[in-house]
Amino acid sequence: MGKRSKKPSKPSSSTAVKGGRAKASAASSSALKYTVEDLLVKIDELIEQFEFETAQKFCERALQIDPNHQQLLETTAAIFLELGNPDSAYEVLARAVDISPDVGHVKYMYLGQMCPGMDGARHYVKGLAIMEQTLEAERASGAAASATTVCVEDICTGYCSLAELYLTDLCFEEDAQARCGEFVSKALQLCPDNAEALQLMASFRLSEGNTEVAKELIVKSVDSWLQSGDEQAEAAAAATPDDSTKHTPPYPARVAASKILIEVGEHQRAFTVLDGLIDDDDEVIQVWYLFGWAHYNCKEPSEARSYLLKAKELTTKHECDDADMVTHIDELLAELGPESDDEAEAGEEAAAGAEEAMETG
């Protein structure tokens with residue numbers, strides 16, 4: 001039998017301490033090789049790759065170097081929001097405000113989104129004031145438009161956010177109507193063709209009962225980005241990953257646009273918008289409801305019933321906190337009643353025609 005190898009001797013406590021100090025010194029030395037700006041470049045790359053947890057670790061490392069860096073604090077908050085941690089995001093943004101209350105607008109725009117009611121409005125107002133002052137100062141210094149840190153489109157978007165707050169959370173404030181009109185008007189003064197501002201003004205005019213003006217505004221807004229089915233397919237085929245959706249509003253904005261279109265009687269445009277929404281996500285109750293409601297308004301009972309039944313089915317699969325919508329679905333279905341023999345026959349003929357067209361196409 002061979003000799004057993006000796007068990008490695010345990011290092012003395014003094015040796016362990018020296019080794020730990022050496023490792024800590026090396027890590028500290030490594031950290032000092034990078035500036036906050038170097039780390040922010042890496043953080044931005046990780047965000048673009050949706051590596052938010054890793055990006056957050058890099059933020060922690062950068063904050064050890066400079067805990068008061070405004071851009072770093074704002075970026076850290078944004079990452080916390082992506083990770084579903086709004087409380088930590090709020091703490092970081094509040095710290096950024098305490099450190100530099102009159103410089104940097106981004107923190108205020110985030111807080112405007114996060115805080116309810118008048119608190120949110122105050123943050124938006126402060127952020128917009130800083131944005132306008134910054135843009136004015138940069139223009140006065142002769143900075144080229146491409147070199148400014150703030151652009152009129154950013155300010156326009158800020159005024160839209162503030163106006164929308166008075167259309168929703170603050171709609172019962174005494175001066176809500178006047179404030180909303182003021183802010184959305186400022187947005188359109190800055191960017192007269194901005195789709196978001198036009199849609200918001202359409203919603204505002206609709207709330208006043210001015211349907212004709214609302215119709216003109218929403219048509220102008222939607223036509224600036226709406227494409228037919230064939231155009232959407234061609235654009236998707238020709239687009240690069242960077243620009244395939246840059247002109248298309250976010251899903252919730254398109255849902256809101258389709259609702260306004262239906263309310264002003266622009267059903268065909270609404271159908272095109274809703275088709276695109278279902279292509280993107282066919283599990284959204286409101287989209288199927290709006291489709292059914294539009295067909296109901298167009299006196300197309302078979303189509304209306306089909307879409308409303310789908311919406312009703314989805315309410316059993318997904319939680320729905322819009323009680324008024326669910327009630328309206330039930331009311332419309334009750335009014336439509338069961339499918340008649342003529343509707344069933346027409347539906348079968350339409351299905352057969354569609355199948356034949358596919359076979360010969």
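Position 1 is the first residue of the sequence; numbering continues from there.
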With D119 via salt bridge (Lys or Arg N to Asp or Glu O under 4.0 Å) - residues at least two apart: R122
Flag the pair L63 / L73 as yes when at least one side-chain heavy-atom distance between them is below 4.5 Å, and no otherwise. yes
Check the pair Y108, V97 against side chain to side chain contact (heavy atoms under 4.5 Å, CB included), reporting the backbone distance first and the verdict last. CA-CA 8 Å; Y108 289 109; V97 169; 3.7 Å; yes
Are Y159 and V184 side-chain neighbours, meaning at least one heavy-atom pair lies under 4.5 Å? no
Counting distance only, does the side-chain N/O of T75 pair as donor-acceptor with the main-chain N or O of Q71 below 3.5 Å? yes
Taking atom OH of Y90 as the centre, does the number of heavy atoms from other residues, nucleotides or ligands within less than 6.0 Å exceed 12? no
When you measure from the side chain of Q199 to the backbone of A253, do you find a donor-acceptor pair of N or O atoms at a distance under 3.5 Å? yes
Could you report the tightest heavy-atom contact between I260 and A202, atom names first, then the distance? CG2-CB, 4.4 Å
When you measure from the side chain of N194 to the backbone of A197, do you find a donor-acceptor pair of N or O atoms at a distance under 3.5 Å? yes
Got L217 and V213 here, is their nearest side-chain heavy-atom distance under 4.5 Å? yes
Could you tell me if Q286 and K259 have a donor-acceptor pair between their side chains, going purely by distance under 3.5 Å? no
Quick one: are S203 and E164 in side-chain contact, heavy atoms under 4.5 Å? no
Would you say K126 has more than 12 foreign heavy atoms packed within less than 6.0 Å of its NZ? yes
Taking M114 as the starting point, is it possible to reach F52 by hopping between hydrophobic residues whose side chains are less than 4.5 Å apart? no
Heavy-atom donor-acceptor pair, E138 side chain to T149 backbone, under 3.5 Å: yes
Check for me whether the distance between the ring centres of F291 and F271 falls short of 6.0 Å. yes
Cluster check V106, I47: I/L/V/M/F/W/Y, side chain < 4.5 angstrom: no
Residue E37 excluded, over 12 heavy atoms near CD under 6.0 Å: yes
N/O donor-acceptor pair under 3.5 Å between R254 side chain and L274 backbone: no
Is R269 paired with E266 through a side-chain N to carboxylate O contact shorter than 4.0 Å? yes
Are T35 and D38 close enough that a side-chain donor and a side-chain acceptor fall under 3.5 Å? yes
Taking all heavy atoms of R305 and all of G337, pick out the closest pair and write down the distance. NE-O, 2.8 Å
If you measure from CG on L46 to NZ on K57, what distance do you get to the nearest 0.5 Å? 11.0 Å
Hey, could you give me the OG1/CG distance between T272 and L277, rounded to the nearest 0.5 Å? 11.0 Å
Have Q113 and S161 got a donor and an acceptor in their side chains that come within less than 3.5 Å? no
Quick one: do V326 and L309 end up in the same hydrophobic cluster if we chain Ile, Leu, Val, Met, Phe, Trp and Tyr together by side-chain heavy atoms under 4.5 Å apart? no
Checking T134 against H105 for the side chain to side chain contact (heavy atoms under 4.5 Å, CB included) test, could you report, in this order, the C-alpha distance in whole Å, the side-chain angles of both residues, the deciding distance, and whether it holds? CA-CA 9 Å; T134 302; H105 67 277; 5.7 Å; no
Honestly curious: do F50 and V41 fall in one hydrophobic cluster under the side-chain, below-4.5 Å linking rule? no
Euclidean distance, I155 CD1 relative to L190 CG, rounded to 0.5 Å: 6.0 Å
Taking salt bridge (Lys or Arg N to Asp or Glu O under 4.0 Å) as the definition, give me every residue that meets it alongside E313, ordered by chain and number, with sequence neighbours left out. K310
Indicate the atoms forming the closest heavy-atom contact of I79 with A55, along with that distance. CD1-CB, 3.7 Å
Side-chain heavy atoms of V255 within contact of V287, under 4.5 Å: yes
Given side chain to side chain contact (heavy atoms under 4.5 Å, CB included), test L72 with D66 step by step and report yes or no. CA-CA 9 Å; L72 177 58; D66 186 353; 5.5 Å; no
E300 versus H295, side-chain donor and acceptor atoms under 3.5 Å: yes
Is the side chain of R95 donor-acceptor paired with the backbone N or O of P67 at a distance under 3.5 Å, no angle test? yes
Do other residues, nucleotides or ligands put more than 12 heavy atoms under 6.0 Å from the CD atom of E174? no
What are the two closest non-hydrogen atoms of I285 and H318, and how far apart are they? CD1-O, 4.1 Å
Distance alone, cut at 3.5 Å: any donor-acceptor contact between the side chains of Q49 and E45? no
Could you measure the distance from the CD atom of E283 to the CG atom of L314? Nearest 0.5 Å is fine. 5.5 Å
Minimum side-chain heavy-atom gap I218-L198 below 4.5 Å: no
Least distance between heavy atoms, L333 atom then K312 atom: CD1-CB, 4.3 Å
State whether E182 and K186 are salt-bridged, where the test is any N-O pair (Lys NZ or Arg NE/NH1/NH2 against Asp/Glu carboxylate O) under 4.0 Å. yes
Non-hydrogen side-chain atoms of C59 and I43 separated by less than 4.5 Å: yes
Distance-only, no hydrogens or angles: does the R179 side chain make a donor-acceptor pair with backbone N or O of Y166 under 3.5 Å? no
Closer than 3.5 angstrom, by distance alone: can the side chain of Q70 be matched with the main-chain N or O of A96 as a donor-acceptor pair? yes
Spell out, yes or no, whether V219 and L200 are grouped together once hydrophobic residues are joined by side-chain heavy atoms under 4.5 Å, including indirect joins. no
Nearest heavy-atom contact between L261 and V273 is CD1-CG2, 4.0 Å
Please round to the nearest 0.5 Å and tell me the distance separating atom CG of L290 and atom CD1 of I262. 4.5 Å
Okay, side chain of D279, backbone of G276: is any donor-acceptor separation there less than 3.5 Å? no
Rounded to the nearest 0.5 Å, how far apart are SG of C156 and CZ of F183? 14.0 Å
Basic-acidic side-chain contact under 4.0 Å: R205, E208: yes
Between F58 and E51, is any pair of side-chain heavy atoms under 4.5 Å apart? no
Take I329 and M325 through the side chain to side chain contact (heavy atoms under 4.5 Å, CB included) test and state the conclusion after the steps. CA-CA 6 Å; I329 291 171; M325 180 180 68; 4.2 Å; yes
Between Y251 (side chain only) and D281 (backbone N and O only), is there a donor and an acceptor less than 3.5 Å apart? yes
Does the side chain of E335 come under 3.5 Å of the side chain of Y296 through a donor N or O and an acceptor N or O? yes
